[in-house]
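This report refers to the structure that appears directly beneath it.
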Amino acid sequence: MIDAVRRLFVNDLSIDLGTANTLVYVRDEGIVLNEPSVVAIRLDSKGHKKIEAVGIDAKQMLGRTPTNISTIRPMRDGVIADYTVTEKMLQYFIRKVQKGRLMRPITRVVVCVPYGSTQVERRAIRESVENAGARKVYVIEEPIAAALGAGIPVGEARGSMVVDIGGGTSEVAVISLNGIVYAESVRIGGDKFDEAIVSYVRRQYNMLIGEATAERIKQEIGTAFPGHEVTEIDVVGRHLAAGVPRNFTMNSNEILDALQEPLAGIVKAVKQALERTPPELGSDVAERGIVLTGGGALLRDLDKLISEETGLPVIIAEDPLTCVARGGGMVLNMLDRQGDFYSFD
Amino acid sequence: MTSDPDLSPDELAPGASAPASPPSGPASPGAQLRRAREDAHLTLEDFAAQTKLSVATLQALEADDFGALLEPVYVRGYYRKCARLLGLSEEGLIAAYNARVKQAQPQTPARIRLSAGSVESRSGLGRVLGLVIMAIIIGLLAYLWFMRSTTDPLAASTEVQRVPDVAITTTPAVTAMARPASEPEPEPTDAPAETTAPAAATSEPATGAATVAAADALARGGLTLNLQFRETSWVRINDAEGRALMNGLMNGGTAQTVKEGTPPLSVFFGNAPGVVLEFNGQPVDLGPYTQSNRTARLTLPLTN
């Protein structure tokens, strides 16, 4: 009864404002929105900017727009690159989630920020969420949210290691007793994988492909560790010398080759985190293993790569894409508990 | 070497003795693992080297020793890992595991570092809800009180004073029209309004009709202000709520009556000597309030 009344007036959201995708978790409902963080903006004849599309619709326009429409990805490297557009996008998402409600509820939002983000970047994220219609904004660090969402018991006096590979950043964190013991954030993520594929194709094939194509290649045949059967994909790109679209075929080993650099960066961050972890916690991690979350965990055999490089068991969390948003949702549930959490800034 | 969820317990490799007698249905995940591993001709050590899991963990997994294993999130991860290596069905293994372990919701931690917009030890939910409910209650009470205060006198007058009211309206009328000289013996004894009404009739026979109206309004619990303008005068009357009951220039020779408003009324006359004022049927002498510039400012009812 009290819950029903509360739900009428208060709407609690957990937002994973990611570089690639934005996810919204509604308390008591679950993940209700999962859309690409893309906004299409139309410039009208008077020079006014107007939001043309947001999310999935905008992503379909990516790279296919006429001159008066531009598609923008307002988030870069896990932080806000375009403040106003981010605000508009959030506003759109929050309204979409709250559509059909009689009155505008008091909206409380838990939003995640990368561990390595600066205070300025955090403030920008918080303020843009506030301006998008949230009454109260709580900021939580992504590794903690990812660990919570993966189901890791973060409150125990045991070390757990989470590697969250997002679109813009990868976060490696050792967590014990609800806090981050050591964390490392590198600005390598799905986007860097795509860029690596684009530049590899340009280098090796003298062909130009778009980000969307690169992403498709990565998702379909991308792999992080050799050993699997080799798969192939047909790609159409523009030949740089001839200037005309051409067909060509890529295989998974080439993608593995293309991804070497960003993958090495992630492995290095994991190793560095292990090096700097206190030995007691390190032994806990060795015993239990490293948990992979985030969209990057879906790259085939990434767990195997990290496992081989570190010699530790690596497991992939269930539904790795939504871990952070679900973890934020768990934080929402504890917002109402008295005095259990504290703030920092 | 594909998934074998329909592996019956008697087909299990020897030694796959689950601690508890496994429930009927799919084979225990440990038994499935062990069988798959043996089919692949892998020793426990080889398997451990491939998965990077410790031999002890693998043994616990194969023996279905869930007590020795860690949290479900890790165990499920181990199963997935092993299933992929051995070519088993991940879902089958995890379903078998879930069937044997009661699903415990991961407990939410006690405290988490959060950064809020402002420092807040407790959520505003209770406070906000409390405020909303309080506002609703106060609004409701105010509304009820307001309704009572406006309807009550009316209700009282209609119920109790209806009969005397009729008497009042008739008596002075008769007095005024038939016999200008007063005859105050008949009814007027009960209500105070009745005593004033004939009194007004006696003092001002010319305004008999107005007096009747005044008495009538008074009986209904309102107030009556009779204004006779012998000369043109500016007049402004505001009631206690700040409402302007009358505000303007009144020509000489006219009469005005004010019957509404919440007392006390603040009255201002621009040309006081030209105005004859009656409040609730009783004449008010403006003399003491009149200034040298002929204006008068007073509050009704008069406070002495």
Side-chain angles (χ1 to χ4, degrees), chain A residues 2 5-6 9-10 12 106 108 110 113 122 126-127 130 134-141 144 148 150-156 160 177-180 286-289 291-292 303-304 307-308 310-318 330-331 333-345, chain B residues 47-58 60-61 68-85 90-91 94 97-98 103-133 135-136:
Chain A
I2 291 169
V5 172
R6 176 179 59 74
F9 292 110
V10 183
D12 290 341
I106 297 164
R108 297 188 301 176
V110 168
V113 293
R122 287 175 191 209
R126 185 204 293 153
E127 280 177 6
E130 268 169 9
R135 176 74 61 88
K136 189 104 197 159
V137 180
Y138 301 90
V139 175
I140 182 173
E141 284 161 333
I144 290 272
L148 279 172
I152 297 170
V154 297
E156 287 177 13
S160 335
L177 288 172
N178 296 320
I180 293 175
E287 187 194 339
R288 308 159 102 191
V291 180
L292 283 188
D303 55 332
K304 205 166 171 186
S307 184
E308 290 297 329
T310 59
L312 300 180
V314 177
I315 62 173
I316 298 171
E318 282 154 72
M330 288 168 76
V331 174
N333 286 329
M334 45 182 280
L335 280 184
D336 291 334
R337 286 204 325 239
Q338 191 172 0
D340 277 352
F341 61 90
Y342 57 97
S343 304
F344 77 100
D345 222 338
Chain B
F47 197 44
Q50 282 195 17
T51 56
K52 303 279 187 287
L53 290 169
S54 69
V55 175
T57 306
L58 283 177
L61 278 174
L69 290 165
L70 297 156
E71 296 80 18
V73 52
Y74 287 105
V75 180
R76 280 198 287 269
Y78 299 157
Y79 279 128
R80 265 200 297 273
K81 201 173 182 61
C82 298
R84 233 176 313 152
L85 264 173
E90 292 179 21
E91 287 78 24
I94 288 169
Y97 168 69
N98 286 346
Q103 288 299 318
Q105 206 54 26
Q107 81 284 16
T108 45
R111 35 179 27 205
I112 283 286
R113 285 165 76 87
L114 275 183
S115 161
S118 55
V119 177
E120 188 195 45
S121 61
R122 200 199 163 165
S123 86
L125 173 70
R127 229 176 303 151
V128 166
L129 262 186
L131 274 178
V132 166
I133 290 169
I136 290 172

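A note on names: the letters A, B, ... follow the listed sequences, proteins ahead of strands, and every chain is numbered from 1. None of the values given here were measured: they were computed from a predicted structure.
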Any sub-3.5 Å donor-acceptor pair from B:K52's side-chain atoms to A:V314's backbone N or O? no
Please answer whether the main-chain N or O of A:R288 pairs with a side-chain N or O of B:Y78 as donor and acceptor at a distance below 3.5 Å. yes
Among residues at least two apart in sequence or on other chains, which ones pass salt bridge (Lys or Arg N to Asp or Glu O under 4.0 Å) with A:R135? none
What part of [X] lies closer than 4.5 angstrom to a heavy atom of chain B: side chain, backbone, both or neither?
X	value
A:A317	backbone
A:S160	both
A:E127	neither

Heavy-atom pairs under 4.5 Å with chain A - which of B:L53, B:T57, B:V132 has more of them than the others? B:L53
When rounded to the nearest 0.5 angstrom, what is the spacing between CG in A:D303 and NZ in B:K81? 5.0 Å
With chain B, which of A:D12, A:V10, A:I106, A:L312 has the greatest number of heavy-atom pairs at distances under 4.5 Å? A:L312
Identify, with sequence neighbours excluded, every residue that meets side-chain hydrogen bond (donor to acceptor under 3.5 Å, both in side chains) alongside A:E287. none
Within a strict 4.5 Å, meaning less than it, do heavy atoms of the A:K304 and B:R84 side chains meet? no
Check whether any side-chain heavy atom of A:I315 lies under 4.5 Å from a side-chain heavy atom of B:Y74, and answer yes or no. yes
Bottom line for B:S54: the part with an atom under 4.5 Å from chain A's heavy atoms is neither
